[in-house]
Amino acid sequence: MATLFGIPLAALSGQLLLGLINGAFYAILSLGLALIFGMLNIINFAHGAQFMMGAFVAWLSLTYLGLGYWWALLLAPLVVGIVGIIIERTMLCRLYKLDHLYGLLFTFGISLLIEGFFRQLYGVSGMPYAVPEILTGGLDLGILYAPIYRLWVVAASVVVCIGVWLAVDKTRLGAYLRAATENPTLVRTFGINVPVLITLTYGIGVALAGFAGVLAAPIYSVNPLMGSNLIIVVFAVVVIGGMGSILGSVVTGFGLGILEGLTKVIYPEASSTVIFLVMAFVLLVKPAGLFGKETGGAAQADNGHARSERGNLKTLGIPLAVLLAVFAVAPFAVYPIFLMKALCFAMFACAFNLMIGYGGLLSFGHAAFFGMASYISAYTAKQWGFNPELSILAAALVSGGLGAAIGGLAIRRQGIYFSMITLALAQMVYFFCLQAPFTNGEDGIQSVPRGHLFGLIDLSSDMTMYYFVLAMFALVYLAIVRIVHSPFGRVLSAVKGNEPRAVSLGYEANRYKFMLFVFSATLAGVAGATKALALQLASLTDVFWSMSGEVVLMSLIGGLGTLLGPVVGAFFITGLQNYLAQFGAWVTIIQGLVFIICVLVFRRGIVGEIQGWSSDLMKRSGKLNAGASHGESKLSTPPA
Amino acid sequence: MSAGIVLQAKGLTKEFRGFKAVDDVDLSVERGSIHALIGPNGAGKTTCFNLLTRFLPLTRGSILFNGRDISALSAAHVARLGLVRSFQISSTFPQLSCIENVAIALQARGGNSFNFWSSERRLDGDLPRARELVDMVGLGAFADVAAGDLPYGRKRALEIATTLALEPEVMLLDEPMAGMAHGDIDQIVALIQKIRVGRTILMVEHNLHVVAELSDRITVLTRGQVLVEGSYQEISRHPAVIEAYMGGVDA
Ligand SMILES: Nc1ncnc2c1ncn2[C@@H]1O[C@H](COP(=O)(O)OP(=O)(O)O)[C@@H](O)[C@H]1O
Ligand SMILES: [Mg+2]
C-alpha cells in the first residue's frame, strides 16, 4: 500500500476529503456570519440552529410533502431566510442601538428556542436522510474511493461561496454591502434604504446556513443538536480569519477543515481541538486574525455610559445580612438539596457577573472554570481523600490557572470577539474533559464523598452540608464586595466607564481585565468545587457550553452589574429547571424565551428594575442623594 | 538633540490602508513652552496626538521623550512617564462624580491600584487634593455631580483637572476649547496660563486668538505634512498659511 511519511495514502486522502467537507461547512457558515456581522454588527449565535433548521426542512419536506433533495435545496434556504427576516424585522432590529453584546445574547436565546423546539418534537436520536439517487455511488480516483455525494458537497459549496463573493464584489447591491462592511457609519448616512439592506443581508446570511443544512443532511443524521457544536467551531474559524474579508473567511474555512482532516490521520486525539489551538496561536501572534484589519479605534472616547452599582458599603451590608438570615432558616422550609444547588449556582453567577458587571466583559465560557473545578474537587476528594476545604482550594487554584491561560488570550480581543474566544476556548476544555481518563467520560465522577471539614466536622448530612455551602456562598459574596470596593475596583470602574481615558491616565487596562478574569475564574471554580461536593457529582454537563449560557441567563434575568441580581437569577432559573425537569426540552425552550424577553424588554433584570423603581421613587420624593443615584445598571446605554 | 527639547518626533508617519494621515512629520517641542499644532480639519492633528501618546501604532518614525525612545512603549506606560493627553471629544468617567474622576487620576500616582484586598476608603487621603483641583478649574459647585451629567464646557474643565492631577511634565490638549462659549474660553485660557508653570503644553486649537495669545511656537499641518513652523508673527505672514488655512478665518 502506498504511504506518505508512514501514513497510508488512502487513509490520508480519505480524511482530506472529509476535512474538505467540514471545511465547506465552515466556509459557508462563516461567510454568512461575516456578511451579517458586516451589516448588523451582530454575531448571529443562531447560525448553527438555522443550519440545523435547514436540514430539518429537508427532512420534513421529504417526509410530509414528498419533496426530494433538489426541492429542499431551494425550499430550505427560503424557509430559513424568511423566518430569519421575520425575526430581524420584529425583534433583532430593536437592538442595533444597544451594546453589540445584546445581539449575541438575543440570538443565543433564538438558538435555544429553535433547538428546544425541534428537540421537543423529534428527540435527539437523529433521522436518516438518504443521498439523492443520482449522487449515490462513488468514483475511484486511484488513491481513494470518493463517494460522489461528498464531491458534490465540496463542489456545491465552492460554487456558492464564489457566487456570494462575486455578488458582493461585482454587483451594485454588493457595493453597498461592501461599503457597509468597510464603513458602517458612512453608509448609514447615505440615505439609501439601509433597513431593507440590513434585513436582506440577515435573510441571505441565514439562508446560506439553511442551504448548508440541506447539504449536510445526507452526511450527518438530521438532529436538533447538529448545529450547536458546529457553531462554536465556526466562531473559532471567524476569530482566526478575522471578519474583514469574504474571500478570507472562505479560504480560512476550507483551510481549517483540511487541517482538521489531517489531524485526524496524524494525531486523532487532537482532531476536535486543533482548530481551537490554531485560534489560540493566531491570537498570540496576530490578534486581529489572518485577514483582519487593524482596529484603529483605540482612541475613541465617551463610549457609552456604562453604569454599574457602586453604592456604599453600608447599603450593601444590609441585603447580605437579610439574605443570610433568610438562607439560615430556609432549609426548614425548602428541600436542602435544592437550596444547595441554587446557592452554588448563585456563587457561580456572582463570579460571572463580577466580569460582565464590573469589567464589561461578557464571557461565554465560564462553564470551563465551573466544570473543571468540579472535576478537580470530586477527584481529589474521592481518589486522594482530600478534606473538603483542601479539595475546594485545589480546584480553585486550578480554575484560577485555567482562567489565567484563557483570560490571557481572550483579552487580546474586545467585545463580541472576546465572547466568541472564551466560548471556543471553553469548548476546548470540554473536549479535554471528554477525553481525559480522570473524568470518567460520560459517567462523570459519582458518589463523591463530602468528607470531614478540617478533618473534624462530618458533612455527610444534608443539613450540615447546607450550612457549609451557605458559608462558602457568604465567603464568595464578600470577596466580590471587597474586590468591587477596593482601590483595584475603582480602577475597574474607570476602565469600564471609559477605557481610553483610563489608559491615558496610565492604567494598563488589559492588566486589570486580566486580573479580573482570574478572580472571576477562581470564584467560579469555588462554586463548581462546592457543587461537586454538595451534589456528590461532577459531570460533563458542568463543563458544557450550555452551562456557560445558563450562567449568563441567571445574571441577565437577575440584573447584570448588580450585586444581588445573580443570586436572584440563580434561584429563579434553578427553580424553573426543577419545576420543568419533567417536561424535557421545554426547559430549553423556556430558557430561550426568557433570554429573548430579557434582552428585548427587561434588560435591567429583576434587581435592576427594582432598584430603578426605588431610585425613581426617591427622586420623586426629593430624597435623592448622590450616592444612591447610580443604582441604575445597564450593560451599556447608547451615548446621549 | 538639544537639552531644551522635551519631546521630539522624527519622520512620524501613519498610514490607514494606504492613506497617509500623517506623512513624515518632524516635531520638536521645547521644554516649558506652549506649542500649538494647527491646521484644517482632517490635517492629521489628532492622529499626531494618537501617535505621540502611543494610542496608535506608528507606520514609521520615532518619538523621543526626554531623550528616551518611547515609540515601542504602551500608551499607559507613556502616560506614567509624564506625557499625558486629553481627547478631542470630551472624555470623562461618566458614572463617577467630579471628585471621583480626579481621584482616579490621583490614585494612578499612588501605586495602590492593584490592591484588591483593602477598602477603597484607603484612598480617602486623596480627597482634599482632588477637591483642590476641582475647585481650581471652577467646578467646586459640581464636585459631587456625576461627570456624565455636566454641561459640555464643564466636562472639558474636569478633563483638565483630571489630567493635572497626574502632574504631567508634558500635557497634550486636543482642542480644549472646541464648542465652548466665549466666557468659558476666557476661563480656560486663564487656566492654561496658570497651569503652564513648570510644564510643557502641546495643544491643538482652532481659535486663532487663543493660539496667538497662548503659544510660543506654532506648527501648521496640512494633509498630514508640516507646512511651516514658527512664532505666530512668522506663520501668520506666510503666504501658504494664509491661503491654506487662514483664508477663511478673520485672523
Ligand atoms: N482610525 C482611523 N482610520 C482611518 N482613517 C482615519 C483614522 N483616524 C483618522 N483617520 C483619517 O486621517 C485623517 C486625519 O484625521 P485627524 O487626525 O482626526 O485630523 P484632525 O484632527 O487634524 O482634524 C482624516 O482624513 C481621517 O479621516
Ligand atoms: Mg482632530
Side-chain angles (χ1 to χ4, degrees), chain A residues 182 244 293-310 312-313 479-512 515-516 519 625-627 629-630 632-634 637 639-640, chain B residues 14 16-17 21 46-47 49-50 53-57 74-82 84-97 100-101 103-105 107-110 112-123 144-149 155 159 162-163 165-166 172:
Chain A
E182 301 260 314
K293 288 172 287 193
E294 174 192 302
T295 46
Q300 302 161 347
D302 269 19
N303 47 355
H305 297 192
R307 293 190 169 191
S308 61
E309 179 187 41
R310 284 184 57 82
N312 57 40
L313 273 177
I480 288 172
V481 171
R482 172 42 85 223
I483 291 170
V484 170
H485 292 278
S486 65
F488 172 74
R490 281 252 181 117
V491 181
L492 280 181
S493 74
V495 170
K496 188 189 171 216
N498 185 346
E499 182 172 333
R501 185 53 172 157
V503 169
S504 80
L505 296 178
Y507 292 113
E508 304 277 0
N510 274 355
R511 278 189 210 159
Y512 294 88
M515 254 173 86
L516 184 67
F519 287 145
N625 64 359
S629 69
H630 309 315
E632 184 188 2
S633 72
K634 287 183 180 175
T637 51
Chain B
K14 179 69 193 177
F16 293 112
R17 268 178 275 150
T46 298
T47 307
F49 268 29
N50 285 336
T53 51
R54 303 288 303 125
F55 269 71
L56 281 176
S74 75
H77 192 164
V78 169
R80 290 197 300 274
L81 291 179
V84 181
R85 69 173 302 175
S86 71
F87 292 85
Q88 179 168 353
I89 316 159
S90 90
S91 186
T92 58
F93 303 112
Q95 81 280 24
L96 303 182
S97 72
E100 288 171 326
N101 264 272
I104 286 284
Q107 188 186 341
R109 287 169 58 82
N112 230 331
S113 302
F114 287 106
N115 177 337
F116 58 87
W117 56 89
S118 41
S119 163
E120 59 191 342
R121 259 170 289 175
R122 166 183 281 258
L123 302 170
D144 295 318
V145 176
D149 300 335
K155 278 187 191 162
E159 254 184 287
T162 310
T163 308
L166 294 176
L172 287 81

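Numbers restart at 1 for each chain; the letters A, B, ... are given by sequence-line order, proteins then strands. Treat the numbers as computed from the prediction; the structure is a model and nothing was measured. Excluded from the calculations below are hydrogen atoms, water molecules and symmetry mates; all remaining heavy atoms, backbone and side chain alike, are included.
- In this structure, chain B has no heavy atom under 4.5 Å from any part of A:Ala479.
- Looking at A:Arg501, its side chain does come within 3.5 Å of a backbone N or O of B:Glu159 through a donor-acceptor pair.
- In this model, no donor atom of one side chain and acceptor atom of the other lie less than 3.5 Å apart for A:Asn498 and B:Thr92.
- The distance from atom NE2 of A:His485 to atom OG of B:Ser118, rounded to the nearest 0.5 Å, is 13.5 Å.
- No donor-acceptor pair closer than 3.5 Å links the side chain of B:Asn115 to the backbone N or O of A:Pro487.
- In terms of heavy-atom proximity, B:Leu166 sits nearest to A:Ser504 at CD1-O, 4.3 Å.
- Note: A:Val503 leads A:Ile483, A:Val503, A:Leu492 in heavy-atom pairs under 4.5 Å with chain B.
- At a threshold of 4.0 Å, the pair A:Glu508-B:Arg80 counts as salt-bridged, since one of the basic side-chain nitrogens sits closer than that to a carboxylate oxygen.
- Within the model, atoms CD of B:Glu100 and OG of A:Ser493 stand 7.5 Å from one another, a figure rounded to the nearest 0.5 Å.
- Between the side chain of A:Tyr507 and the backbone N or O of B:Ile104, at least one donor-acceptor pair lies under 3.5 Å.
- For chain A, no part of B:Thr53 is nearby; none of its heavy atoms comes within less than 4.5 Å.
- Taken to the nearest 0.5 Å, the CZ atom of A:Arg490 stands 4.5 Å off from the CD atom of B:Glu120.
- Under the rule for a side chain to side chain contact (heavy atoms under 4.5 Å, CB included), the partners of B:Gln88 that lie at least two apart in sequence or sit in another chain are B:Thr46, B:Asp174, B:Glu175.
- Chosen from B:Ala75, B:Ala76, B:Ala79, the residue pairing most often with chain A at heavy-atom distances under 4.5 Å is B:Ala76.
- Looking at residues two or more places apart in sequence or on another chain, you find a ring-ring contact (aromatic ring centres under 6.0 Å, His included) between A:Phe519 and A:Phe488, B:Phe116.
- Within the 4.5 Å cutoff, side-chain heavy atoms of A:Arg482 are placed close to those of B:Ser119.
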